[in-house]
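What follows is a short report on a single structure.
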Amino acid sequence: MKQKLTALLSHAIENMKENAILPKDSVVQIIIERSRDAAHGDFACSVALSLAKSAKLPPRQLAAHIVAALPNDEMVLNVELAGPGFINFFVDPFAHLQVIKQIHEQTTAFGLSTVGVGKKIQVEFVSANPTGPLHVGHGRGAAYGSALANLLQAVGYEVHREYYVNDAGRQMDILATSVWLRYLEQCGEHFVFPSNGYRGEYVREIAQQIWQASGKDYQHSAAQVFAGIPLDESKAEEGGQIGDKEAHIDGLILRAKELLGLDAYVHVFNEGLATILADIKDDLLAFGVAYECWFSERQLLTDGSVEQALSRLRSAGFLYEQEGAVWFASSQLGDEKDRVVVRENGQHTYFASDIAYHMNKLDRGFEQIIDIWGADHHGYIPRVKAAMRALGADDAKLTVLLVQFATLWRGKEKVSMSTRSGEFVTLRQLRNEVGIDAARFFYVMRRSDQHIDFDLKLATSKTNENPVFYVQYAYARVCSVLRQLDEKGWVRDSEQGMAQLARLTETHELALIGTLARYPEVIERSAAQYEPHQLTQYLRELAHEFHTYYNAHQFLVDDTMLRDARLNLICAVKQVLANGLGLLTISTPESM
RNA sequence: GCGCUUGUAGCUCAACCGGAUAGAGCACCAGCCUUCUAAGCUGGGGGUCGCAGGUUCGAGCCCUGCCAAGCGCACCA
């Protein structure tokens with residue numbers, strides 16, 4: 001309908017250009033909005049206001065010209081001038097009713113669009129280091145990323161969901177070393193665990209696995225392990241050494257490699273990586289998140305991609321050496337300062353593999369590359385964009401979406417999430433406590449760049465405070481009505497219902513139909529603006545209108561004509577709720 | 001100190017890429033179950049859109065300054 005009105009308006013404006021009411025060179029963008037107020041008709045347009053200046057006519061007068069030039073259309077009942085120069089359209093109610101037929105015909109395809117057809121788009125999200133289980137912070141990225149990916153797919157894009165696995169680098173070495181040290185404890189060695197090591201219980205479990213499989217094959221004495229290692233930093237109550245925790249752990253990593261030898265070290269390393277990665281995959285899958293690709297950072301190092309990326313930067317003249325390190329001159333490309341890509345000790349920085357990774361993304365031919373990062377990484381954006389430009393690409397291809405942290409609450413009490421305290425909540429714990437549906441809905445209910453307070457108590461509550469159940473309940477109610485219909489021994493005649501749609505004249509019904517008709521626009525806008533929260537907002541609204549309708553009118557009336565028409569309407573509601581919740585990977589219970 | 005993000009009802013948040021009288025939920029108050037699930041519905045009070053300027057027909061949205069909060073400013077990831 002919007003498209004039709006746009007066509008009518010542009011026709012009128014072309015006409016006016018020919019009649020020299022409007023200058024021929026004036027550029028117009030016709031935007032049709034749905035009227036908020038029913039008194040303003042169904043649709044509204046403000047072109048007259050924006051064109052007034054170039055036309056050198058008062059807006060209202062110009063609007064009158066446009067209306068006069070507007071071709072007739074049987075769908076448009078009335079056109080009114082209002083306010084400073086708005087053009088309001090009143091559409092034939094019969095046209096609105098058609099959406100019910102459309103929904104019944106298209107079922108799960110209703111709301112899909114083709115704006116993205118033929119375009120490849122990549123969404124990389126979560127990408128947490130495989131050094132421990134996912135926590136609730138990652139959950140938001142997971143829910144947001146997968147909802148966004150689903151939305152993009154719904155509007156036609158060929159979507160590629162990807163998880164970048166940081167399976168190389170110092171953090172992984174720290175994990176491997178932590179595992180090994182826990183293993184040594186298992187073997188009966190005694191020592192003070194490094195303050196910078198990974199202390200989670202899962203590290204012990206991995207150590208246990210290795211111990212059970214290989215016995216004491218990897219054992220070395222604590223004295224041997226710690227000999228000559230720089231002092232650790234520790235608190236007064238633990239002995240009060242004033243050492244350097246970074247130097248301490250780095251020393252231990254080197255020692256682990258020396259004592260174990262490369263093969264054995266890699267074995268321990270891989271055992272940790274594989275176990276944690278399997279756990280993450282399992283966790284995400286249970287959360288309803290599936291990827292097309294798990295991309296390994298290590299692969300970029302072993303297959304020469306990093307070297308290749310650096311040599312491309314070098315030949316483009318963006319690399320230089322200073323103080324023994326290799327620098328990328330990103331400040332020439334919008335970054336605030338230059339960045340090291342190869343450290344003095346010869347090791348690549350994380351940034352170096354990130355450059356290679358984005359080069360790889362570009363080479364795979366995506367029209368759009370979307371990275372979803374935690375908000376704390378925002379400072380990283382300029383350097384990655386700089387890298388893309390240095391590689392000769394348009395940095396507009398990359399969109400970095402930031403996800404703010406969620407603060408966890410249990411009622412009025414804030415839940416501490418510090419890793420140290422050990423009481424941080426994992427995504428798995430969250431799932432178990434509040435369930436997938438509530439968790440996912442809460443995560444995407446708000447704009448991603450907005451902080452959210454996640455109240456565990458609210459998410460689990462089965463009251464009207466909980467928006468998830470509110471929407472699901474609407475769905476369940478429709479199912480319940482259909483069950484009642486069956487129990488009464490009545491049969492629904494969908495075809496008759498379609499023939500009787502004109503019987504739907506109640507204001508509740510008209511409002512509901514209008515909301516149903518908006519669904520495809522909501523999907524398109526949510527996808528285009530990368531804002532799944534618009535969909536959750538819409539679903540709450542649709543549910544609300546349904547509940548209102550439910551309370552105001554009986555569906556299972558004796559008048560079969562009216563009954564069938566109403567049942568067709570509520571079945572359309574059911575379908576749209578299912579489609580919308582489906583995009584968010586939230587279940588649709590038939591009874592609650 | 002510099003940069004990014006954000007300031008909307010008591011609380012948590014929306015507002016259709018500049019439009020008409022800024023909307024929901026929660027909380028609070030008053031009502032609705034012999035009728036398809038009350039996890040629901042109806043009504044009510046509640047706002048200088050952080051502050052001050054500017055841009056224009058028109059600003060919560062755009063620009064500038066200030067105030068406040070969060071996050072960044074490594075040869076860490």
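Within every chain, numbering begins at 1; the chains are lettered A, B, ... in the order of the sequence lines, protein sequences first and strands thereafter.
- Not one side-chain nitrogen or oxygen of A/Y380 sits closer than 4.0 Å to the OP1 or OP2 atom of B/G3.
- Every side chain to side chain contact (heavy atoms under 4.5 Å, CB included) that A/I436 has, sequence neighbours left out, goes to A/F287, A/R431, A/R440.
- Of all nucleotides listed (B/C71, B/G25, B/U42), B/G25 comes nearest to the side chain of A/R540.
- Nucleic acid contact for A/S591: base, since at least one base atom lies under 4.0 Å from a heavy atom of the residue.
- Side-chain atoms of A/Q484 lie closest to B/U37 of the nucleotides B/C75, B/U37, B/C76.
- Each of A/P59 and A/L402 was matched to the nucleotide of RNA chain B holding its nearest heavy atom; the match closer to the 5' end belongs to A/L402.
- A/E344 comes within contact range of at least one nucleobase, with a heavy-atom separation under 4.0 Å.
- Residue A/S480 places at least one side-chain N or O closer than 4.0 Å to OP1 or OP2 of B/U37.
- Using a 4.0 Å heavy-atom criterion, one finds that A/K488 contacts no nucleic acid atom at all.
- When the ring-ring contact (aromatic ring centres under 6.0 Å, His included) test is applied to A/F351, the partners found at least two apart in sequence or on another chain are A/Y380.
- We find that the ring of A/F86 and the base of B/G19 do not stack by the test of centres under 5.5 angstrom and planes tilted less than 30°.
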Pair A/Y549-A/E509, side-chain hydrogen bond (donor to acceptor under 3.5 Å, both in side chains): steps then yes or no: CA-CA 7 Å; A/Y549 179 37; A/E509 291 165 344; 2.8 Å; yes
One pair to check against side-chain hydrogen bond (donor to acceptor under 3.5 Å, both in side chains): A/S526 and A/Q529. What are the steps and the verdict? CA-CA 5 Å; A/S526 302; A/Q529 298 180 205; over 6 Å; no
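- In this structure, B/C33 shows a glycosidic angle within 90 degrees of zero, which is the syn conformation.
- Residue A/S46 has no polar side-chain atom (N or O) positioned under 4.0 Å from OP1 or OP2 of B/G58.
- Rounded to a whole Å, the OH atom of A/Y475 is 19 Å from the C1' atom of B/G40.
- The same atom, P, is picked in B/C61 and in B/U37; the two are 48 Å apart, to the nearest Å.
- The distance from atom CD1 of A/I523 to atom P of B/C16 is 17 Å, rounded to the nearest whole Å.
- The side chain of A/T349 has B/C75 as its nearest neighbour among B/A20, B/C75, B/A39.
- At the heavy-atom level, A/A476 lies under 4.0 Å from base atoms of the strands shown.
- In this entry the distance linking CZ of A/R447 with C1' of B/U8 reads 13 Å, nearest Å.
- Picking from B/A38, B/A20, B/G25 the nucleotide with the shortest atom distance to the side chain of A/N88 gives B/A20.
- A donor and an acceptor atom sit less than 3.5 Å apart, one in the side chain of A/H378 and one in the base of B/G3.
- Among the protein residues, A/Y550 comes within range of the nucleic acid bases, having at least one heavy atom under 4.0 Å from a base atom.
- Nearest to the side-chain atoms of A/R477 among the listed nucleotides B/A77, B/C76, B/U37 stands B/U37.
- Listed nucleotides B/A15, B/C75, B/A14 differ in distance to A/Q537; the shortest reach to its side chain belongs to B/A14.
- A/A552 comes within 4.0 angstrom of nothing in the nucleic acid, heavy atoms only.
- With distances taken from any side-chain atom of A/R446 to the nucleotides B/A14, B/C41, B/G19, the minimum falls on B/A14.
- Counting only Watson-Crick or G-U wobble pairs whose defining distances are both under 3.5 Å, the stems of 3 or more consecutive pairs in RNA chain B are B:1-7 with B:67-73, B:10-13 with B:23-26, B:28-32 with B:40-44, B:50-54 with B:62-66.
- Listed nucleotides: B/A15, B/G72, B/A20. Nearest to the side chain of A/Q534: B/A15.
- A distance of 9.5 Å separates NE2 in A/H547 from CG in A/L542, rounded to the nearest 0.5 Å.
- A/A44 comes within contact range of at least one nucleobase, with a heavy-atom separation under 4.0 Å.
- Between B/C73 and A/R339, no contact under 4.0 Å exists linking OP1 or OP2 to a side-chain N or O.
- The base of B/A77 lies outside donor-acceptor range of the side chain of A/D173, with no N or O pair under 3.5 Å.
- Not a single donor-acceptor contact under 3.5 angstrom links the side-chain atoms of A/H547 to the base of B/C41.
- A/D37 has its CG atom 17 Å from the P atom of B/C16, to the nearest Å.
- Judged by distance alone, with hydrogens and angles left aside, A/E521 brings no side-chain donor or acceptor close enough to the base of B/C16 to form a pair under 3.5 Å.
- Side-chain contact annotation: A/N568 with A/R492, donor-acceptor N/O pair under 3.5 Å present.
- Among the nucleotides B/U5, B/G25, B/C16, the one closest to the side chain of A/Q404 is B/U5.
- Rounding to the nearest 0.5 Å gives a distance of 11.5 Å between CG of A/L300 and CD1 of A/I355.
- A/S353 and A/E297 are linked by a side-chain donor-acceptor pair at a separation below 3.5 angstrom, with hydrogens and angles left out of the test.
- A/R36 has its CZ atom 10 Å from the P atom of B/A22, to the nearest Å.
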Evaluate ring-ring contact (aromatic ring centres under 6.0 Å, His included) for A/F295 paired with A/Y163, printing each intermediate quantity in order. CA-CA 6 Å; A/F295 196 96; A/Y163 187 117; over 10 Å; no
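- Residues A/L485 and A/C45 both approach RNA chain B. Their nearest nucleotides, taken by heavy-atom distance, put A/C45 toward the 5′ side.
- The side chain of A/H377 contributes no N or O atom lying less than 4.0 Å from OP1 or OP2 of B/C4.
- At a threshold of 4.0 angstrom between heavy atoms, the contacts of A/E323 include nucleobase atoms, whether or not backbone atoms are also involved.
- Checking B/C16, B/C76, B/U37 against the side-chain heavy atoms of A/E33 singles out B/C16 as nearest.
- Ring pair A/Y144/A/F125: centre-to-centre distance not below 6.0 Å.
- Straight-line distance between the C1' atoms of B/G58 and B/G50: roughly 23 Å, to the nearest whole Å.
- Here A/A52 lies out of heavy-atom contact (under 4.0 Å) with every strand.
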